[in-house]
Every structure is written in structure tokens, then in C-alpha cells.
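Below: one structure, written as C-alpha cells.
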Amino acid sequence: MDALDTFTTIANAAGAATAAVLNLWVSHHAPSPWRQVRISVATLAVVISTAFAARLWIGDPSGWASMMGGVSLLVWPVVWIWPAVLTIRTMRDVERVARTFDP
């Protein structure tokens with residue numbers, strides 16, 4: 001790995017580790033169903049951080065990219081789609097409750 005590859009690998013590992021810690025902390029303070037979302041995001045962030053750290057120590061194994069390709073298939077629904085859908089559902093529920101109490 002060259003210097004830029006090493007830097008981006010370290011940055012990705014650190015960013016994913018930070019995301020794991022933050023999402024795990026938030027999961028302890030969030031109500032359901034947000035708790036499950038944050039735990040799922042934290043779990044994927046641990047996997048990604050570990051994979052980037054392994055890449056740093058192992059170098060650039062040929063199977064690393066294909067392994068991370070499989071992991072990234074989980075990232076789309078868990079990190080980017082599920083929280084957005086849940087946000088919309090929550091907003092609709094809040095609006096429904098607000099209409100119930102609107103004089």
C-alpha cells in the first residue's frame with residue numbers, strides 16, 4: 001500500500017470505529033425502534049472498522065474487496081434506507097397525534 005492508501009485505510013477504520021461507539025452510546029438512550037436501528041448501525045460499523053484495520057495489517061489481500069462488497073450490501077438497507085423509512089413513519093405518527101390534539 002502506498003501512503004495515500006494507508007491514510008485512507010486508517011481514516012476509514014477510525015471513522016467506522018467512531019460511528020460504532022457513537023451509535024452504541026445513542027442506542028442506550030434511544031426509544032424503540034430507534035434502539036434497534038442504532039445497534040444495527042453500530043454492529044456494521046464494527047465489522048467495517050475491523051475489516052479496514054485488518055487490511056492495514058494484512059496489506060491488500062485479493063479477497064478483501066469482494067468480502068467488503070458483501071458487507072456493503074447490508075450497509076445500504078441498514079444504514080441508509082431503514083433510518084430514513086423510520087424517520088418518515090415517526091413524522092407521520094407525530095403529525096397524526098398532533099392532529100388529534102389540535103383544537
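Numbers here are sequence positions counted from 1. Values below: all heavy atoms of this structure, side chains included; hydrogens, waters and symmetry mates excluded.
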Salt bridge (Lys or Arg N to Asp or Glu O under 4.0 Å) involving R92 - partner list, sequence neighbours excluded = none
inquiry  = So which atom in F52 and which in T9 form the shortest heavy-atom distance, rounded to 0.1 Å?
reply    = O-CG2, 3.2 Å
query = Between the side chains of Q36 and S40, does any donor sit under 3.5 Å from an acceptor?
reply = no
inquiry  = Hydrophobic cluster membership, with links at side-chain heavy-atom distances under 4.5 Å among I/L/V/M/F/W/Y: are V47 and L73 in one?
reply    = no
inquiry  = According to a hydrophobic-cluster definition based on side-chain heavy atoms being under 4.5 Å apart (Ile, Leu, Val, Met, Phe, Trp, Tyr only), do I39 and V79 belong together?
reply    = no
key: Donor-acceptor contact below 3.5 Å, side chain S49 vs main chain A45   = no
key: Test item: R38 side-chain N/O and L24 main-chain N/O as donor-acceptor pair under 3.5 Å   = no
ask   = Could you give the distance from CG (L56) to OG1 (T8), rounded to the nearest 0.5 Å?
value = 10.0 Å
query = So does W57 have more than 12 non-hydrogen atoms from other groups sitting under 6.0 Å from CH2?
reply = no
task = Would you please name every residue forming a ring-ring contact (aromatic ring centres under 6.0 Å, His included) with H29, sequence neighbours left out?
result = W25
For R55, the option from D5, T6, N12 that meets side chain to side chain donor-acceptor pair (under 3.5 Å) = D5
request  = Might you confirm whether atom CZ of R89 has over 12 heavy atoms from other residues, nucleotides or ligands at distances under 6.0 Å?
outcome  = no
query = Is any side-chain heavy atom of V41 closer than 4.5 Å to a side-chain heavy atom of W80?
reply = no
note = Taken in chain and number order and not counting sequence neighbours, the residues that satisfy ring-ring contact (aromatic ring centres under 6.0 Å, His included) with W82 are none
query = Can you tell if the side chain of I48 reaches within under 4.5 Å of the side chain of M68, non-hydrogen atoms only?
reply = yes
request  = Please check if I88 and I81 belong to a single hydrophobic cluster, counting links between Ile, Leu, Val, Met, Phe, Trp and Tyr side chain heavy atoms closer than 4.5 Å.
outcome  = no
ask   = With the 4.5 Å side-chain cut-off for hydrophobic clustering, are V71 and V78 part of the same group?
value = yes
ask   = Are W76 and V37 connected in the hydrophobic side-chain network, where two residues link if heavy atoms are under 4.5 Å apart?
value = yes
